[in-house]
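Step one of this worksheet: look at the structure below.
Throughout, numbering of the chain's residues begins at 1 and tracks the sequence. Note that the structure is predicted; figures quoted are calculated from it, not measured. Counting starts at 1 for both ligands and their atoms, in listed order.
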Amino acid sequence: MAKNVSDLTLADVHENDVGFGIDIGGSGIKAAPVHLRTGELLGKRFRLDTPEESSPEAVGEVLGKVVAHFGDLPDSTPVGLTFPGVILNDVTITSANMDKRWIGTDVGEVARRFTGHDAHVVNDADAAGYAEARYGAGLGQDGTVLVMTLGTGIGSALIHDGVLVPNLELGHLELDGHDAETRAASSVKDKEGLSYAKWAERLQRYFAHVEFLFSPDLFIVGGGVSKDHEKFLPLLELRAPIVPAKLRNTAGIVGAAALAARDR
Ligand code: BGC
């Protein structure tokens, strides 16, 4: 099991090495301080449910509570925030699995209004992927790493020699005439009651297509279901190695903080 929380505390770490990450997901809003050198959390993650009606206002209020849990953050701390959609200059361009009122919303402005902090906004899979490539299962891997997150939707991140190409959106490739994530996300496995073997047949067609398009050197699979990776990853036949994510449920938080520090 990956070690998620550092033995060090906030007080032990130089302020330049501390970031703060917030991860907005379909089911929860989570945050924690992050050790930027190691990618470990510098304290326990705090999580509140994403409100059923996931409008910017409703999510903003929960965001405010999650950040307030950590008390005052120094102004010097880079704060990163993820959103499950295409993000350009802090603005949401798509919102496949959240309220459509997010489209066109300046997420940075929502964060400022409800938390009192400036935040650097990135796509959720980009954050998770960057964290895996830099601190997790992709550490030391040259060439092209594709990180795919299987959850409510399918997220994707492309990292080439450590450089992230943002907003890839491979979850919306066509698979058997459908938007791929509506056939192969882990939420669909649950909804349709598919066995791992049946679901893996869909994953096989999907990953084979992605591999044909990008020829990655390594696939990393994240999302909650990756904890059960022995049940489906060995069933996939691909040229590239395919391995489970290491950071698991902290990847979004860690990547958000690391990207905020990188782009400061
Ligand atoms: C969204 C992506 C997101 C992924 C995982 C997709 O539906 O379009 O932006 O990364 O879900 O949350």
Side-chain angles (χ1 to χ4, degrees), residues 21-31 47 49-51 54 56 59 62-63 80-108 110 119-133 136 145-159 164-175 178-191 199 202-203 206-207 209-210 213-214 216 219-227 244-245 247-256 258-259:
I22 314 163
D23 192 15
I24 299 181
S27 57
I29 300 175
K30 311 131 235 168
R47 177 192 185 282
D49 283 347
T50 304
S54 57
V59 169
V62 178
L63 201 59
L81 173 62
T82 77
F83 185 84
V86 171
I87 300 293
L88 289 178
N89 301 319
D90 288 359
V91 174
T92 301
I93 307 297
T94 67
S95 177
N97 296 306
M98 296 282 277
D99 193 291
K100 301 297 174 223
R101 278 169 282 183
W102 279 101
I103 297 173
T105 296
D106 183 331
V107 190
V110 173
H120 179 62
V121 187
V122 293
N123 170 265
D124 59 348
D126 283 343
Y130 186 72
E132 284 297 334
V145 177
L146 263 178
V147 183
M148 311 295 300
T149 65
L150 304 174
T152 311
I154 296 181
S156 53
L158 175 71
I159 296 101
L164 172 72
V165 180
N167 293 314
L168 206 59
E169 293 298 326
L170 299 185
H172 301 294
L173 285 174
E174 191 183 308
L175 179 67
H178 298 270
D179 188 13
E181 72 173 20
T182 67
R183 301 283 296 160
S186 68
S187 61
V188 178
K189 173 189 176 298
D190 297 342
K191 219 179 316 156
W199 184 48
R202 295 185 186 185
L203 291 178
Y206 177 64
F207 276 93
H209 185 48
V210 172
L213 294 175
F214 291 94
F219 276 115
I220 300 174
V221 177
V225 75
S226 66
K227 69 176 187 316
L247 299 176
R248 305 276 164 81
N249 63 9
T250 68
I253 293 173
V254 171
L259 287 167

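At a 4.0 Å heavy-atom cut-off, ligand 1 touches N97 through the side chain alone. At a heavy-atom cutoff of 4.0 Å, ligand 1 is contacted by the backbone of I154 but not by its side chain. At a heavy-atom cutoff of 4.0 Å, ligand 1 is contacted by both the backbone and the side chain of P84.
Set against the non-hydrogen atoms of G85, the atoms of ligand 1 under 4.0 Å away are 9 (O). Each of the following atoms of ligand 1 lies closer than 4.0 Å to a heavy atom of N123: 2 (C), 3 (C), 9 (O), 10 (O). Counting atoms of ligand 1 from 1 in the listed order, those under 4.0 Å from a heavy atom of E181 are 6 (C), 7 (O), 11 (O). The distance from ligand 1 to the heavy atoms of H172 drops below 4.0 Å at these ligand atoms: 1 (C), 6 (C), 7 (O), 8 (O). In summary, the atoms of ligand 1 found under 4.0 Å from a heavy atom of G155, numbered by their order in the structure, are 4 (C), 5 (C), 10 (O).
When only interatomic distances are considered, the shortest N/O to N/O separation between T149 and ligand 1 does not fall below 3.5 Å.
Partners of A157 by side-chain contact (heavy atoms from CB on, under 4.5 Å), not counting sequence neighbours, listed by chain and number: D126, V147, I159, L164. By the side-chain hydrogen bond (donor to acceptor under 3.5 Å, both in side chains) test, N249 is found to be paired with no residue, residues two or more places apart in sequence or in another chain being considered.
Scanning the protein heavy atoms around atom 1 (C) of ligand 1, the nearest turns out to be E169 OE1, 3.5 Å.
With E181 contributing its side chain and T152 its backbone, the two residues share no donor-acceptor pair below 3.5 Å.
Relative to atom 10 (O) of ligand 1, the option among T94, D124, T82 with the closest non-hydrogen atom is D124.
By the 4.0 Å heavy-atom criterion, G171 is excluded from the residues contacting ligand 1.
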